[in-house]
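Input: a single structure, listed below in structure tokens.
Residue numbers start from 1 in every chain, and the chains themselves are labelled A, B, ... in the order their sequence lines are given, proteins ahead of strands. Just so it is clear, the model here is predicted, and its values are computed rather than measured. Any value given below was found using the heavy atoms of this structure, including those in side chains, with hydrogens, waters and symmetry copies removed.
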Amino acid sequence: MPISSKQFAKQLITWQKIHGRHHLPWQVSDAYAVWVSEIMLQQTQVSTVLNYYPRFMARFPTVTALASADIDDVLSLWSGLGYYSRARNLHRAAQYIATHYGGQFPQHAALLAELPGIGRSTAAAIAAFAFGQREAILDGNVRRVFTRVFAIEGWPGNKAIEQQLWQLAESLLPDAAEIQPYTQGLMDLGSLVCRRGQPDCGSCPFTQDCLANQQGRQRQLPTPRPKREIPQREVRWLLLYDTEGRVFLEKRPPTGIWGGLWSLPEWTAEHTSLAQRLQELAVIAEDAAEAPAPLHAVTHQFTHFHLTAYPYPLAVRTRAECRESASCWVNAAELAHIGLAAPVRRLLETWMSSLF
DNA sequence: AATGCGGGGCG
DNA sequence: CGCCCAGCATT
């Protein structure tokens, strides 16, 4: 017999008040603060977000400040967090709120979910935390708790399973008066106790009620996603540097991998010769006749493919002009203030500190 | 080396 | 609608 809705909420809230998180910087009644934190937390753990959130809020303290900011500055503060479309959507949504809602957040989940980057679960979290609305969330932590406590089989990415979980989430909701500790409790229980690897069932308020625990199947739930082949991709990077300690960067297209971030110019040998590529970049190298030897390869794992990048260092005699916001020469100090993907930042910091 | 995470976009 | 895409940290 699964636990009743009333008992579930009651035991969760009691647990949350004693063992949950209470003093995170975004646990305030400010929709903007809640929103920024929820977007950061979408793909990122609390401990990491704690390193980014305060800087972001100091730089963009209000939704109108964010709306009027330069997207490059937003991406710069997002640099290293990954999933950069989150930052672009955050910026667009801020502009929408400033323009269409006079800088005030809508209070209903359905309206919040219309904003870019806010889906059903994030909308519910903002509505619940900022406005006390009785809305159900369903993030990864919550899915793990539900699939275990109620022994729900099947990959949660499957449509039918997802629907079942949403229905369960709604059926378990307490009164609106208790929505905040309840919602926070679900998140905290999932991340602190009902962990993926080593669930701490001895500390769980549902240890007696949890069907997975009763059946000893905690580690089999939630059902993992079906496995897929992970393709390999290779790319060459041009590491063009001048005599004054600068490197040449190009801005990536707004969508796709590392969208909108600065990166090293790619050189795909299948399409162009090195000479052609340098000409495209309006660069004259010291010795372009000889192909440079690549540095140690940079490897990076994405969920759906593995990337190996070969950086080709090349001293440059005649510098290309900086094309406005599309390419530029930057020095080591400036690297700290622009949006770079984590492996590109690592490569450049290591390489520049050894060279200059 | 494998895994997970919320939402957008495309066909 | 179903499927694919994305970048890190953790384990």
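Summarising the geometry, the separation between NZ on A/K159 and P on C/dC3 is reported as 11 Å, rounded to the nearest angstrom. For the pair A/R196 CZ and C/dT11 C1', the interatomic distance rounds to 7 Å; values are reported in whole Å.
In this model, a donor atom of one side chain and an acceptor atom of the other lie less than 3.5 Å apart for A/Q11 and A/D209. With 3.5 Å as the limit, one finds a donor-acceptor pair spanning the side chains of A/T122 and A/Q42. When only modelled atom types and interatomic distance are considered, A/D73 and A/S76 share no side-chain donor-acceptor pair under 3.5 Å. A/E153 and A/Q220 share no side-chain donor-acceptor pair at under 3.5 Å.
Atom CD of A/Q104 has 12 or fewer heavy atoms from other residues, nucleotides or ligands within 6.0 Å. Heavy-atom contacts from other residues, nucleotides or ligands closer than 6.0 Å to CD of A/E349 number more than 12.
Using a 30° and 60° split on the angle between ring planes, A/F56 and A/W78 fall in the perpendicular class, above 60°. A parallel orientation is assigned to the rings of A/F206 and A/F8, their planes being inclined by less than 30° (bins at 30° and 60°).
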Hey, can you pull the donor-acceptor pairs under 3.5 Å for the side chains in residues 160-179 of chain A, sequence neighbours left out?
{"residue": "A/E170", "atom": "OE2", "partner": "A/R120", "partner atom": "NH2", "Å": "3.2"}
{"residue": "A/S171", "atom": "OG", "partner": "A/L168", "partner atom": "O", "Å": "2.8"}

For residues 84-96 of chain A, run the donor-acceptor check on the side chains, cut-off 3.5 Å, and write out each pair with its distance to 0.1 Å, sequence neighbours left out.
{"residue": "A/Y84", "atom": "OH", "partner": "A/G80", "partner atom": "N", "Å": "3.1"}
{"residue": "A/Y84", "atom": "OH", "partner": "A/G82", "partner atom": "N", "Å": "3.4"}
{"residue": "A/R86", "atom": "NE", "partner": "A/Y83", "partner atom": "O", "Å": "3.3"}
{"residue": "A/R86", "atom": "NH1", "partner": "A/I39", "partner atom": "O", "Å": "3.1"}
{"residue": "A/R86", "atom": "NH1", "partner": "A/M40", "partner atom": "O", "Å": "2.9"}
{"residue": "A/R86", "atom": "NH1", "partner": "A/T44", "partner atom": "OG1", "Å": "3.2"}
{"residue": "A/R86", "atom": "NH2", "partner": "A/T44", "partner atom": "OG1", "Å": "3.3"}
{"residue": "A/R86", "atom": "NH2", "partner": "A/L81", "partner atom": "O", "Å": "3.2"}
{"residue": "A/R86", "atom": "NH2", "partner": "A/G82", "partner atom": "O", "Å": "2.9"}
{"residue": "A/R88", "atom": "NE", "partner": "A/P254", "partner atom": "O", "Å": "3.1"}
{"residue": "A/R88", "atom": "NH1", "partner": "A/P254", "partner atom": "O", "Å": "3.3"}
{"residue": "A/R88", "atom": "NH1", "partner": "A/G259", "partner atom": "O", "Å": "2.6"}
{"residue": "A/R88", "atom": "NH2", "partner": "A/P254", "partner atom": "O", "Å": "2.9"}
{"residue": "A/N89", "atom": "ND2", "partner": "A/S85", "partner atom": "O", "Å": "3.3"}
{"residue": "A/H91", "atom": "NE2", "partner": "A/A69", "partner atom": "O", "Å": "2.8"}
{"residue": "A/Q95", "atom": "NE2", "partner": "A/A67", "partner atom": "O", "Å": "3.2"}

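The nearest heavy atom of DNA chain C to A/A341 and to A/Q198 marks one nucleotide each, and the one closer to the 5' end goes with A/A341.
Contact of the A/W237 side chain with the A/Y312 side chain is not registered, since no non-hydrogen atoms from C-beta on lie closer than 4.5 Å. By the 4.5 Å heavy-atom criterion applied to side chains, A/L240 and A/W329 are counted as neighbours.
Near DNA chain C, meaning a heavy atom under 4.0 Å from it, residues 33-49 of chain A has A/Q43, A/Q45, A/S47, A/T48 in order of number. Within residues 107-134 of chain A, no residue places a heavy atom under 4.0 Å from DNA chain C. Contacts with DNA chain B (heavy atom under 4.0 Å) in residues 64-99 of chain A: A/Y83, A/N89, listed by number.
Look at the C1' atom in both B/dG8 and C/dA9: the space between them is 23 Å, to the nearest Å. Remark: the separation of the C1' atoms in B/dG7 and C/dT10 is 22 Å, to the nearest Å.
In this structure, the side chain of A/S121 engages the main chain of A/L138 through a donor-acceptor pair within 3.5 Å.
Protein chain A contacts DNA chain B over a range whose 5' and 3' limits, counting nucleotides with an atom under 4.0 angstrom from a non-hydrogen atom, are B/dA2 to B/dG8.
Counting non-hydrogen atoms under 4.0 angstrom, A/G197 reaches nothing in the nucleic acid. Within 4.0 Å (heavy atoms only), A/R144 reaches sugar-phosphate atoms of the nucleic acid but no base atom.
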